[in-house]
Engineer: 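Below you'll find the structure I mean.
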Protein chains: 2
Amino acid sequence: MITVMAGRPRSFDRDAALAVAVEQFWRTGYDETSVATLTAAMGVSPPSLYAAFGDKHRLFEEAAATYFRRTCEGLDAAAALPTAREAVTRMLDDTARAHTDAGTPPGCLMLTEPRLTAQREELHRRLQERLDRGVRDGDLPPDTRTEALASFLVAVLRGMSGCARDGGTIDDLRAIAQTAMAAFPPPSGG
Amino acid sequence: MITVMAGRPRSFDRDAALAVAVEQFWRTGYDETSVATLTAAMGVSPPSLYAAFGDKHRLFEEAAATYFRRTCEGLDAAAALPTAREAVTRMLDDTARAHTDAGTPPGCLMLTEPRLTAQREELHRRLQERLDRGVRDGDLPPDTRTEALASFLVAVLRGMSGCARDGGTIDDLRAIAQTAMAAFPPPSGG
DNA sequence: CTCTTTCTGTAGTGACCACTATTGATCGAG
DNA sequence: CTCGATCAATAGTGGTCACTACAGAAAGAG
């Protein structure tokens, strides 16, 4: 079943426009990002935006999903490291870099936007899974409270994002990450 | 020099109205709190609000200062404990309770509101001062990186606030606090 | 009492919000 | 070419925003 495509084709790149929307929502959040600024930044008139993305809320959801997918790729790469400690260390260092990258807005959309609770829960779930694997692999003590440790790590990540939004540098964020790793269980028994 | 007070007196309690404004800003933040909801909650008409508090921005600043003053009282009480470890432990426990108290909005105004960067810097300064005192008192190792530790603690506090806003319970926040304390330097040497 | 001052409520200001009706342009199909 | 379909841009929709002009009410000073 192939849908027949007659009529005038779209004159802008939908993916490129969505990327611009991601950047806007990332920089100023959902509420502070108006449709007028979105259309201006995307180079698209309001009717075209609504035809292509539905409404502001659905555009945000699509933008947030895009952002989350990209974040998870980095997360999976870190999680693939041999031990939980290496995985978490890598994740924190990636975070320090990403949250202060000059080419993108400071901080993290997922960790800052109030309405993205579900994404943060998913992040927590993935973290805990990696920690549980560390327990199974024996590189974390068997009595490790993986859920509390995952909650702690999410809190630290959120704190790093907030620090970046407040103007913190990559070194500030690395100092937080390094200090946080002192709370990570040592490899040899707990 | 005494100012002569003629004219009709104010018909509402300014401090009580301010307390209501604190609660509103705390619950929904600066941008999401409209003057209309403020006047409704405070039981004051718009012109009275503007006569008593200036404008929305100044009302917010006054509300934030009130909130901050109250927070600092608890902070000072914790800081007065004998050792830095006790002080920080108490502060984290107070935070877990305050951020999930049923009588107030979840989380923390100072740690959530983007425009309150100065208050967070002041919090960081106070934390570092208490840690420095711990080093001087000898209950923290002399090589303790107090600035990084203070940044870490602010990050954890912010993470706890965010967790509370996402629906976390007091036990969730206590688990974060307890895990974070594992990163605190042990009392006897570094 | 009058006069002055300050508060109060009603009612509305222009600006911006998310969103859309309408019209005309531009494509593929035949 | 004509025709039908889908796009795009102009120009607005009602609603809400922070904020205020205005007029009447309530107090102290004399």
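Hydrogens, waters and symmetry mates play no part in the numbers below; they use all other heavy atoms, side chains included. No experiment lies behind these values; they were computed from the predicted model shown. Proteins get letters first, then strands, A, B, ... in listed order; numbering begins at 1 in each.
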Engineer: OP1 or OP2 of C:dC19 less than 4.0 angstrom from a side-chain nitrogen or oxygen of A:Y50, does that happen here?
Structural biologist: yes

Engineer: So which of residues 15-29 of chain B are in contact with DNA chain D, with a heavy-atom cut-off of under 4.0 Å?
Structural biologist: none

Engineer: Would B:R10 pass as a cation-pi partner of B:F12, given that its NZ or CZ must be under 6.0 Å from the six-membered ring centre and within 45 degrees of the axis?
Structural biologist: yes

Engineer: NA contact type, A:T37, heavy-atom cut-off 4.0 Å: base, sugar-phosphate, or nothing?
Structural biologist: nothing

Engineer: What is the separation between atom CG on A:D31 and atom P on C:dC16, rounded to the nearest whole Å?
Structural biologist: 18 Å

Engineer: Identify the pairs formed between an N or O of the protein and an N or O of nucleotides 7-12 of chain C at a distance under 3.5 Å, and give each distance.
Structural biologist:
unit_1 : atom_1 : unit_2 : atom_2 : d
C:dC7  : O4'    : B:R8   : O      : 3.3
C:dC7  : O2     : B:R8   : NH1    : 3.2
C:dT8  : OP1    : B:S11  : N      : 2.6
C:dT8  : OP1    : B:S11  : OG     : 2.5
C:dT8  : OP2    : B:S48  : OG     : 2.9
C:dT8  : O5'    : B:S48  : OG     : 3.4
C:dG9  : OP2    : B:S45  : OG     : 3.2

Engineer: Whole Å only: how far is the CZ atom of B:F53 from the P atom of D:dA18?
Structural biologist: 16 Å

Engineer: Just how far is it from atom CD of B:Q24 to atom CD of B:E32, taken to the nearest 0.5 Å?
Structural biologist: 12.5 Å

Engineer: Is the number of heavy atoms from other residues, nucleotides or ligands under 6.0 Å of A:E62 CD greater than 12?
Structural biologist: yes

Engineer: In whole angstrom, give the distance that lies between atom NZ of A:K56 and atom P of C:dC19.
Structural biologist: 8 Å

Engineer: Measure from CZ on B:R58 to P on D:dC19 and round the result to the nearest Å.
Structural biologist: 9 Å

Engineer: Would you say that more than 12 heavy atoms from the other residues, nucleotides or ligands in this model lie under 6.0 Å from the CZ of A:R145, or not?
Structural biologist: no

Engineer: Counting any heavy atom closer than 4.0 Å, what does A:T33 reach on the DNA or RNA strands: base, sugar-phosphate only, or nothing?
Structural biologist: sugar-phosphate

Engineer: Take atom CZ of B:R14 and atom C1' of C:dT6, then tell me their distance rounded to the nearest Å.
Structural biologist: 15 Å

Engineer: Between A:R69 and A:Y67, is NZ or CZ placed under 6.0 angstrom from the six-membered ring centre and within 45° of the ring axis?
Structural biologist: no

Engineer: Set out, in order, the CA-CA distance, both residues' side-chain angles and the distance that settles side-chain hydrogen bond (donor to acceptor under 3.5 Å, both in side chains) for A:T89 and A:E86, then state yes or no.
Structural biologist: CA-CA 5 Å; A:T89 302; A:E86 288 171 287; over 6 Å; no

Engineer: For the residue pair B:K56 and B:F25, would you count it as a cation-pi contact if the rule is NZ or CZ under 6.0 angstrom from the ring centre and within 45 degrees of the ring axis?
Structural biologist: no

Engineer: Rounded to the nearest Å, what distance is computed from the CZ atom of residue A:F60 to the P atom of nucleotide C:dA18?
Structural biologist: 14 Å

Engineer: When you measure from the side chain of B:T144 to the backbone of B:L140, do you find a donor-acceptor pair of N or O atoms at a distance under 3.5 Å?
Structural biologist: no

Engineer: In whole angstrom, what separates A:L38's CG from C:dC16's C1'?
Structural biologist: 15 Å

Engineer: As a test of understanding, state which of A:V156, A:T112, A:L109 forms a side-chain contact (heavy atoms from CB on, under 4.5 Å) with A:S161.
Structural biologist: A:T112

